[in-house]
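Some notes on the structure that comes next.
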Protein chains: 2
Amino acid sequence: MSDMFRIDSQRKSAVDTVVDKVKSLLIEKQLKPGDLIPPEPVLAEQLGVSRGSIREAMKILSSFGIVEIRRGDGTYISNAGNQKIFDPLLFNILVSGADFRELIEVRAMMEKEVVRLIISNASDEELAGLDQCMDEFDLAEKQIPHNREVADKIDLKYHRLMGDITHNRIITSMYNFVIDLFAPTINSDLGYKEHKKMHLAIMARDIPGAVTAVEDHNNAWKKNKDESLHPETPS
Amino acid sequence: MSDMFRIDSQRKSAVDTVVDKVKSLLIEKQLKPGDLIPPEPVLAEQLGVSRGSIREAMKILSSFGIVEIRRGDGTYISNAGNQKIFDPLLFNILVSGADFRELIEVRAMMEKEVVRLIISNASDEELAGLDQCMDEFDLAEKQIPHNREVADKIDLKYHRLMGDITHNRIITSMYNFVIDLFAPTINSDLGYKEHKKMHLAIMARDIPGAVTAVEDHNNAWKKNKDESLHPETPS
DNA sequence: ATACATCAAACGTCTGATGTTTATGTTTTT
DNA sequence: AAAAACATAAACATCAGACGTTTGATGTAT
């Protein structure tokens with residue numbers, strides 16, 4: 001994962017080397033979460049680098065949630081670090097003035113595949129669960145007075161449910177990640193119509209219909225986001 | 001340097017403190033991508049920590065794509081922005097044990113979207129670059145004696161090129177990650193036919209055709225993998 | 001104006017030492 | 001015997017100083 005395109009530019013840095021070595025270690029040796037990694041001085045000697053380089057590499061791995069460093073104890077393969085990475089990522093989006101077009105394209109990609117997988121793989125029972133959640137959504141939308149916060153929460157719940165029944169854990173966690181990423185900016189009211197359309201297509205196990213609905217849903221959202229983000233704030 | 005009276009021993013590590021400080025710097029000072037960050041020794045003195053701690057913090061920030069460290073030059077606010085936000089996630093998935101079917105599905109999802117984006121967004125010049133790479137691939141395939149290692153390398157290069165011309169940096173980053181994941185098990189010979197089909201569809205800007213070719217490509221690969229993993233030994 | 005040589009600044013790495021925290025085994029107390 | 005207190009070693013956290021390597025800029029000769 002080091003530099004994306006490194007023609008022949010330069011030697012790999014010691015730190016990157018260590019990162020790669022540890023990655024290989026995890027994969028090849030089939031190390032499980034909770035397993036202990038050799039202490040810094042040992043690793044330093046084994047890999048022929050200084051302890052400082054080992055530490056920099058470990059800091060990277062720990063910031064990625066790959067390892068967990070326990071002071072006074074040792075460094076372990078992390079067992080549940082996904083939550084840890086979240087904060088820096090959101091910050092990153094804030095600072096870099098996130099490119100929403102790119103993010104939305106990622107979300108669209110994920111969501112299209114999610115509905116395909118759902119329709120192909122989900123059991124009737126799982127679809128029934130979705131249907132029930134949609135009922136709640138309908139109810140919340142029609143509620144008077146309308147409480148958008150509640151509706152947003154159900155919207156989120158529905159999407160999580162979608163991710164859960166893809167029968168692909170990787171895509172589940174990737175999709176959940178995307179959902180969480182967009183959660184703060186969600187507006188269930190705007191997408192309700194397309195959401196409903198998508199749901200009906202899913203229930204009918206109509207892949208093309210569902211995919212189209214997802215595209216509409218994301219496009220509508222994208223357009224709204226553009227407008228709300230470009231009111232040209234002075235100062 | 002012995003703090004005699006330290007009631008509440010440092011709750012936060014020096015490195016974490018630095019990370020937070022730099023993050024605040026970015027926000028408060030409204031630093032834009034490309035802006036220069038003070039050199040390590042200066043930061044070290046300003047924040048009252050050693051240069052090593054500064055370096056560890058910078059490594060973390062750079063691993064999230066927040067800053068870009070250029071040796072011999074300086075450290076800058078990265079304009080790469082959020083393109084790497086999925087790397088930690090994929091990283092985690094990788095080490096937490098993923099099964100092959102799921103990985104293939106992820107790759108297929110990525111690749112289908114990549115070809116869609118290419119056909120929609122890539123310029124004629126960028127497609128020409130792909131075409132040239134394909135020529136190399138053709139040549140390598142027909143070479144006698146056949147050198148699979150070379151062919152594999154060109155295959156990989158082609159896929160990287162695909163990622164680069166999607167005009168979506170997040171997807172570029174994700175796709176590269178997936179490519180790297182599969183790189184060790186690549187076999188360009190097996191997929192050559194489907195690869196060629198995909199290429200022709202891309203050059204013709206035929207989205208359905210390209211998507212179909214990608215599906216075939218991944219299915220063929222999946223089947224081959226199944227066979228090589230299940231040598232009819234029901235153990 | 002271009003090409004090359006030089007130099008200072010900045011990151012990369014190393015060595016070695018000291019501080020702090022944690023886990024663990026041992027001793028003492030109850 | 002069980003529980004609490006203590007002692008110790010191992011491991012991470014941090015610091016300090018030094019030297020190496022790369023890069024960008026500057027100046028000079030062509």
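Just so it is clear: chains get the letters A, B, ... in the order the sequence lines come, proteins before strands, and each one is counted from 1. Note that the structure is a prediction, hence the values are computed from the model and not measured.
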message = Can you measure B/L61 atom CG to C/dC11 atom P for me and round it to whole angstrom units?
response = 14 Å
Along DNA chain C (nearest heavy atom to each residue), the more 5'-positioned of B/D73 and A/S53 = B/D73
request  = With sequence neighbours excluded, give me every ring pair (Phe, Tyr, Trp, His ring centres under 6.0 Å) pair touching residues 110-142 of chain B.
outcome  = B/F137-B/Y192, B/F137-B/H195
ask   = Could you give the CZ-to-C1' distance, from A/R70 to C/dT24, as a whole number of Å?
value = 15 Å
key: Contact list for DNA chain D against residues 35-52 of chain B - heavy-atom distance below 4.0 Å   = B/G48, B/V49, B/S50, B/R51
query = Counting only heavy atoms not in B/K196, do more than 12 sit closer than 6.0 Å to its NZ atom?
reply = yes
message = For residues 111-120 of chain B, which residue pairs pass the salt bridge (Lys or Arg N to Asp or Glu O under 4.0 Å) check, not counting sequence neighbours?
response = A/K112-B/E113, A/E113-B/K112, B/R107-B/E111, B/K112-B/E215, B/E113-B/R116
key: Contact under 4.0 Å: A/R55 side-chain N or O vs D/dA13 OP1/OP2   = yes
remark   = When rounded to the nearest 0.5 Å, the distance separating CG of A/L36 from CD1 of A/I77 is 9.0 Å
Nucleotide C/dA10, atom C1' - distance to CD1 of B/I54 in whole Å = 14 Å
query = Can you tell which of C/dC11, D/dA13, C/dT13 lies closest to the side chain of A/R71?
reply = D/dA13
message = Checking the side chain of B/S24 only, and the main-chain atoms of B/D20 only, is there a donor and an acceptor separated by less than 3.5 Å?
response = yes
task = Could you check which of C/dC11, D/dT14, C/dT22 has an atom nearest any side-chain atom of B/I69?
result = C/dC11
inquiry  = Among residues at least two apart in sequence or on other chains, which ones pass salt bridge (charged side-chain N to carboxylate O under 4.0 Å, His left out) with A/D73?
reply    = A/R70
Under 3.5 Å, which protein N or O atoms sit close to an N or O of nucleotides 3-8 of chain C? Give each pair with its distance.
none

ask   = Starting at the 5' end of DNA chain C, which residue's closest nucleotide do you reach first, A/E56 or A/G72?
value = A/E56
key: Qualifying salt bridge (Lys or Arg N to Asp or Glu O under 4.0 Å) pairs with a residue from residues 41-64 of chain B, counting only residues at least two apart or across chains   = A/R55-B/E56, A/E56-B/R55, B/E40-B/R51, B/E40-B/R55
key: Residues B/R169 and B/D164 bridged, charged N to O under 4.0 Å   = no
Side-chain N or O of B/T75 closer than 4.0 Å to phosphate OP1/OP2 of C/dA10 = no
remark   = To the nearest angstrom, the OH-C1' distance between A/Y76 and D/dC12 comes to 12 Å
request  = Check step by step if side-chain contact (heavy atoms from CB on, under 4.5 Å) holds for B/L43 and B/I37.
outcome  = CA-CA 9 Å; B/L43 268 182; B/I37 288 180; 3.8 Å; yes
